[in-house]
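Order of the sequence lines fixes the chain letters, A, B, ..., with proteins taken first and strands second; residue numbering starts at 1 for each chain.
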Protein chains: 2
Amino acid sequence: MKLTSFDHFNCSLAQTLSVIGDHWSLLIIRDAFFGLRRFDQFHDSLGISRNVLSMRLKKLVQAGVLEKSDGAGHPEYRLTDKGLALQPILIAMTQWGDTYLPSPDGKRLTFVDRRDGKAIRPVGVHAADGRRLKPREIKARPGPALQNDPQFADSPTGRNLREA
Amino acid sequence: MKLTSFDHFNCSLAQTLSVIGDHWSLLIIRDAFFGLRRFDQFHDSLGISRNVLSMRLKKLVQAGVLEKSDGAGHPEYRLTDKGLALQPILIAMTQWGDTYLPSPDGKRLTFVDRRDGKAIRPVGVHAADGRRLKPREIKARPGPALQNDPQFADSPTGRNLREA
DNA sequence: CGGAATCCGTTCGGATACTG
DNA sequence: CAGTATCCGAACGGATTCCG
């Protein structure tokens with residue numbers, strides 16, 4: 001179970017997964033969005049064992065997603081800007097789960113605009129002019145980092161991208 | 001390493017993670033978006049071992065994210081609508097990686113509108129009226145499935161949500 | 001070519017106890 | 001309260017082999 005050495009993939013998705021690709025990290029981050037700050041709060045909320053939590057928090061701090069401070073006389077973990085920037089991912093995943101793996105008891109969580117309390121829109125992909133795009137209307141184009149990567153050029157994905 | 005029994009969490013995010021929360025699933029789905037269809041294509045592209053790939057494909061088919069067909073004389077795996085709906089998540093994660101874990105060689109992948117070739121907008125969260133919302137401008141509100149869950153009401157997140 | 005089966009090392013994750 | 005240290009089982013993941 002190689003510790004997610006996805007680095008060689010030269011893929012931003014794989015890079016992201018190396019930070020939040022395990023079972024617990026995203027749930028910890030979710031709780032951080034909900035205002036949890038302290039070790040035992042995470043521990044109680046998630047039921048995660050202490051050693052694993054310790055490792056995850058350390059990893060997330062190293063990755064710059066969480067920030068450890070000692071302001072209130074005890075350690076606190078807060079989301080950095082880098083961590084806050086994960087919110088679209090979390091919300092997109094929550095909405096997908098709401099839609100495709102619903103609870104029989106109805107909606108679990110609704111995200112609302114803090115200002116007026118209205119529900120937000122489903123997260124989606126938009127063109128430069130603001131049009132909402134369907135999955136098939138989007139194409140991936142390799143950038144400089146991939147064009148100069150011979151390994152990528154020979155890969156099936158590489159070929160496929162050039163045809164697309 | 002309990003097989004991701006996050007079901008008891010009563011959380012759409014955890015539900016989603018139970019489907020795509022492991023190391024490989026999202027990369028397989030990424031390749032499916034890139035047009036890969038066949039067992040050995042995934043195998044060659046990802047360097048994943050055959051048994052693990054077999055398990056993952058089976059799981060994704062069961063989850064309704066991929067569909068197995070035998071149209072071309074050989075098995076093929078294609079994204080279902082449920083799978084296609086994961087695209088905002090993939091793109092959001094790719095963009096986050098691009099921004100916060102960049103390659104020294106420049107951009108790896110750019111997503112463009114197939115129609116005019118223009119780059120898409122960064123995935124984000126929007127209010128009902130279309131305004132782009134910052135992380136702090138969004139609030140979560142528990143729905144019926146959570147309000148009727150006593151375990152949730154007593155949890156730190158539950159308390160926190162009521163205050164928010 | 002698409003898997004299923006087997007074997008094995010590693011790493012994860014849970015529980016518990018201990019320290020400051 | 002916030003970890004660290006240790007033990008242990010289980011599940012994962014890799015490599016290889018075998019079969020339709």
Side-chain angles (χ1 to χ4, degrees), chain A residues 1-9 14 17-29 31-32 35-63 66-78 155-156, chain B residues 1-9 14 17-29 31-32 35-63 66-78 155-156 159-160:
Chain A
M1 214 193 285
K2 216 178 342 177
L3 184 55
T4 41
S5 71
F6 285 148
D7 299 359
H8 67 290
F9 264 109
L17 285 173
S18 72
V19 176
I20 57 165
D22 67 288
H23 294 329
W24 290 114
S25 294
L26 269 184
L27 292 171
I28 293 172
I29 292 166
D31 275 356
L36 303 203
R37 300 267 134 81
R38 300 171 63 163
F39 191 93
D40 278 14
Q41 288 178 321
F42 293 111
H43 179 247
D44 295 344
S45 166
L46 296 173
I48 185 176
S49 63
R50 306 181 72 77
N51 53 355
V52 177
L53 176 59
S54 176
M55 286 166 43
R56 288 290 169 274
L57 287 174
K58 213 172 292 180
K59 189 181 165 193
L60 290 172
V61 168
Q62 278 179 343
L66 292 178
E67 189 183 19
K68 185 173 181 177
S69 67
D70 215 1
H74 53 79
E76 288 196 340
Y77 297 90
R78 287 170 187 273
S155 73
Chain B
M1 210 194 285
K2 214 177 347 177
L3 183 56
T4 40
S5 72
F6 284 149
D7 299 359
H8 66 290
F9 263 108
L17 285 173
S18 73
V19 176
I20 57 165
D22 67 289
H23 294 330
W24 290 114
S25 294
L26 269 184
L27 292 172
I28 292 172
I29 291 165
D31 275 356
L36 302 203
R37 301 266 136 80
R38 300 172 62 165
F39 191 93
D40 278 13
Q41 288 179 321
F42 293 112
H43 178 247
D44 295 344
S45 166
L46 296 173
I48 185 176
S49 64
R50 308 180 70 77
N51 54 354
V52 178
L53 176 58
S54 176
M55 285 166 44
R56 286 291 167 274
L57 287 174
K58 210 173 295 181
K59 189 180 165 194
L60 290 172
V61 169
Q62 276 180 344
L66 292 179
E67 188 184 17
K68 185 174 181 177
S69 67
D70 215 2
H74 53 78
E76 288 196 341
Y77 296 91
R78 288 168 187 274
S155 71
R159 269 190 293 279
N160 215 299

*Let me know the distance between NE2 of B:His43 and P of C:dC1, rounded to the nearest Å.*
12 Å

*Looking across every strand, which nucleic acid part, if any, lies under 4.0 Å from A:Tyr77 by heavy atom: base, sugar-phosphate, or nothing?*
sugar-phosphate

_What's the closest nucleotide to the side chain of A:Ser49 if the choices are C:dC1, C:dG3, C:dA15?_
C:dA15

_With heavy-atom distances below 4.5 Å as the criterion, would you say the side chains of A:Leu60 and A:Ser25 are in contact?_
yes

*Rounded to whole angstroms, how far apart are CG on B:Leu36 and P on C:dG2?*
12 Å

*Nearest-Å distance for atom pair NE2/C1', residues A:His74 and D:dC1*: 9 Å

*Checking only heavy atoms, does the side chain of A:Arg38 share a donor-acceptor pair with the base of D:dA2 at less than 3.5 Å?*
no

_Between P on D:dC1 and CG on A:Leu57, what's the gap in Å once rounded to a whole number?_
16 Å

*Can you tell me if the side-chain N/O atoms of B:Ser54 get under 4.0 Å from OP1 or OP2 in C:dG3?*
no

*Starting at atom CD of A:Glu76, determine the distance to atom P of D:dC1, rounded to an integer number of angstrom.*
14 Å

*About how many Å separate CH2 of A:Trp24 and CG of A:Asp31, when rounded to the nearest 0.5 Å?*
10.0 Å

*asked:* Please report the interatomic distance CG(A:Leu17) to CG(A:Asp22), rounded to the nearest 0.5 Å.
replied: 10.0 Å

_Donor-acceptor pair (no angle test) under 3.5 Å: B:Asn51 side chain, D:dG14 base_ = yes

_How close do B:Arg56 and B:Ile28 get, counting heavy atoms only, and between which atoms?_
CB-CD1, 3.6 Å

Let me check something: any side-chain donor-acceptor pairs from residues 46-55 of chain B under 3.5 Å, sequence neighbours excluded? List them with distances.
from: B:Ser49; atom 1: OG; to: B:Asn51; atom 2: OD1; distance (Å): 2.8
from: B:Arg50; atom 1: NH2; to: B:Asp40; atom 2: OD1; distance (Å): 3.3

*Which sits closer to the 5' end of DNA chain D, B:Met55 or B:Gly47, going by the nucleotide each is nearest to?*
B:Met55

*Rounded to whole angstrom units, what separation is found between the NE2 atom of A:His23 and the C1' atom of C:dG13?*
10 Å

*Answer yes or no: does a side-chain N or O of B:Arg56 lie under 4.0 Å from OP1 or OP2 of D:dC12?*
no

*Check the distance between C:dG2's C1' and B:Arg37's CZ and give it to me in whole angstrom.*
17 Å

*In whole angstrom, give the distance that lies between atom CD1 of A:Ile28 and atom P of D:dA2.*
14 Å

*asked:* Could you spell out the base pairing of DNA chain C as a dot-bracket line? Use Watson-Crick and G-U wobble contacts where both distances are under 3.5 Å, [ ] for crossing pairs, | for partners on a different strand.
replied: .|||||||||||||||||||

*Mind checking whether B:Tyr77 and B:Lys68 have side chains closer than 4.5 Å, heavy atoms only?*
yes

_For the student: nearest non-hydrogen atoms of A:Arg78 and A:Glu76, plus distance_ = NH2-OE1, 3.1 Å

*Phosphate OP1/OP2 of C:dC1: any B:Arg50 side-chain N/O under 4.0 Å*: no

*asked:* Tell me whether the side-chain N/O atoms of A:Lys58 come closer than 4.0 Å to OP1 or OP2 in D:dA2.
replied: no

